[in-house]
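In listed order, ligands and their atoms are each counted from 1. Predicted model, so just to flag it, every value in this text is computed and none were measured. These values consider heavy atoms only, across backbone and side chains, with no hydrogens, waters or symmetry-generated copies. For reference, positions follow the sequence shown, starting with 1.
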Amino acid sequence: MATVTFDHATRIYPGTERPAVDALNLHIEDGEFLVLVGPSGCGKSTSLRMLAGLEDVNAGRILIGDRDVTDVQPKDRDIAMVFQNYALYPHMTVADNMGFALKIAGTPKAEIRTRVEEAAKILDLTQYLDRKPKALSGGQRQRVAMGRAIVRSPQVFLMDEPLSNLDAKLRVQTRTQIASLTRRLGVTTVYVTHDQVEALTMGDRIAVLKDGILQQVDTPRALYDTPANVFVAGFIGSPAMNIGTFPVLEGAASVGSSRLALPREVVGRLTDDDKGHITVGFRPESLDTVPQGTQDSFPVVVNLVEELGSDAYVYGALTNEFGAAAAVHSGAGDAQIIVRVDPRSVPKIGDTIYVRIRPNEQHLFHAGSGERIA
Ligand SMILES: Nc1ncnc2c1ncn2[C@@H]1O[C@H](COP(=O)(O)OP(=O)(O)OP(=O)(O)O)[C@@H](O)[C@H]1O
Ligand SMILES: [Mg+2]
């Protein structure tokens, strides 16, 4: 078992100008489950492949434990990878699939058998050891792929979207199994996903990447409660955070026809770059529905109501006094504002409701740089 360190690790693909991963600094503790998350193309797989030794590192270093592995062959790094397309050998039994890497390494037969049986027990695959992959369900096949990694008892597990071939229900089950399994084994794990819900539920810590640049790395709670910038704010959380940029007038943000009072020290921190504006974020659950005329409330016209049983969400539009939509959008990118409402008394489509941001639950960012205002 070991720590993993990315030290200014950079990958520039031949023929491209912008680095796919740009000076990544990340230290992962021994036994930690770290999730790399971000939108498609942000450099997650590239980071993982640099750690695996499958991709050249053009600048910086990568360490496993105290050992600089930047120029070490993949097979000598003592890691095991589980990919999205974990092609199993169709002509081999489950047991042979799981033990294949050990066989190649020349491990004695009896030892292979013992380690495969141990892994099968952990993964609840014992009764399938003599079957061929085609006689297994998708989830069972995925566990066989995990088994292949486990039998090697590596220092680090690397997983690149290992659940994306599974249906929604199985994904949820399997992600819980993987998270508890790797913790039980105590193996340092780097797990790649583009799904922020998966990241929040699985990671000890989450590293958020965008355009090859690390945005923030912290616990799920800290990312949710104190996103470092507008990108992380919009990316983490489902439904997404509402985010809008508003003019600052006399110490308050003008939200549609309403005013949102701002702390004085925040107003003092605004820079020329912000051009007299502030970006305000508020999660759907941070809005209270209040009577018309309540101080600091603003009107939302209901476009859609999503009822989920335990929760209900209003998707609406913010209006100013002229009835035109103001510049708020949810982090999902559409020109909607999302409000969590009491599922036992939901408004109708076309209604206007009045909402107010709960005290201290707004997130304030520089309109210029998008960075959080501390
Ligand atoms: N072999 C390659 N040659 C040139 N560019 C590449 C190569 N592989 C990846 N890239 C580029 O590098 C960037 C990062 O790619 P990467 O595969 O790491 O993204 P990702 O975060 O894993 O995305 P996804 O969620 O879609 O899997 C992308 O812009 C991609 O187009
Ligand atoms: Mg990828």
Side-chain angles (χ1 to χ4, degrees), residues 4-26 28 33-62 69-71 73-74 77 79-87 138 142 145-146 149 156-168 171-172 174-175 178 182 189-203 205-218 220 223 227-238 240 331-333:
V4 168
T5 309
F6 290 88
D7 175 15
H8 294 86
T10 299
R11 175 60 177 150
I12 304 169
Y13 285 107
T16 64
E17 277 172 21
R18 213 173 45 78
V21 175
D22 196 350
L24 175 62
N25 284 321
L26 191 56
I28 304 162
F33 194 111
L34 182 111
V35 179
L36 274 178
V37 71
S40 183
C42 71
K44 305 180 293 294
S45 296
T46 304
S47 303
L48 204 67
R49 290 170 58 81
M50 284 197 286
L51 174 55
L54 301 172
E55 211 65 75
D56 284 344
V57 178
N58 301 106
R61 305 183 302 160
I62 289 177
V69 296
T70 314
D71 299 312
Q73 288 293 312
R77 294 193 182 197
I79 49 152
M81 256 185 116
V82 184
F83 292 98
Q84 173 180 353
N85 296 310
Y86 42 80
Q142 203 284 336
M146 282 291 299
V156 187
F157 285 138
L158 309 186
M159 304 190 192
D160 195 347
E161 312 238 7
L163 305 183
S164 43
N165 288 340
L166 304 182
D167 66 45
R171 274 182 86 120
V172 172
T174 316
R175 79 183 182 212
I178 291 182
T182 57
T189 303
V190 187
Y191 185 101
V192 163
T193 179
H194 63 271
D195 180 345
Q196 53 86 28
V197 177
E198 212 165 280
L200 285 173
T201 52
M202 294 181 83
R205 284 189 306 155
I206 302 172
V208 184
L209 281 176
K210 177 185 175 238
D211 298 336
I213 297 170
L214 182 64
Q215 305 290 306
Q216 188 172 7
V217 48
D218 216 323
L223 283 188
N229 59 38
V230 168
F231 175 77
V232 176
F235 189 75
I236 298 286
S238 175

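Protein heavy atom at the shortest distance from atom 26 (O) of ligand 1 is Ser40 OG, 2.6 Å. Atom 17 (O) of ligand 1 has Ser45 CB, 3.8 Å as its closest protein atom, hydrogens excluded (heavy atom only). The single protein non-hydrogen atom nearest to atom 2 (C) of ligand 1 is Tyr13 CD2, 3.4 Å, given as residue, atom name and distance.
When each atom of ligand 1 is checked for a heavy atom of Gly43 under 4.0 Å away, the hits are 14 (C), 18 (O), 19 (O), 20 (P), 21 (O). For ligand 1, the atoms lying closer than 4.0 Å to a non-hydrogen atom of Thr46 are 14 (C), 15 (O), 16 (P), 18 (O).
Counting heavy atoms from C-beta outward, Ser238 and Gln196 have side chains that approach closer than 4.5 Å. For the pair Leu54/Met81, a side-chain contact is recorded, criterion being any heavy-atom separation below 4.5 Å from C-beta on. At least one side-chain heavy atom of His8 sits under 4.5 Å from a side-chain heavy atom of Asn25. Looking at heavy atoms from C-beta onward, Ser164 lies in side-chain contact with Arg171 at the 4.5 angstrom threshold.
Look at Gly38 and you'll find every heavy atom at least 4.0 Å from all atoms of ligand 1.
Side-chain atoms of Thr182 and Tyr191 form no donor-acceptor pair, as typed in the model, at a separation below 3.5 Å. No hydrogens or angles considered: nothing links the side chains of Thr174 and Gln142 as a donor-acceptor pair under 3.5 Å. A donor and an acceptor atom, one from each side chain of Asn229 and Gln215, are located under 3.5 Å apart.
Using a cut-off of 2.8 Å, one finds that Thr46 contributes no N/O/S atom close to the Mg ion (ligand 2).
In this structure, of Arg18, Lys44, Lys210, the residue bringing a heavy atom nearest to atom 25 (O) of ligand 1 is Lys44. If you check each of Pro19, Pro14, Gly41 against atom 20 (P) of ligand 1, the one with the closest non-hydrogen atom is Gly41.
Under the 4.0 Å distance rule, the nearest protein heavy atom to atom 30 (C) of ligand 1 falls outside the cut-off.
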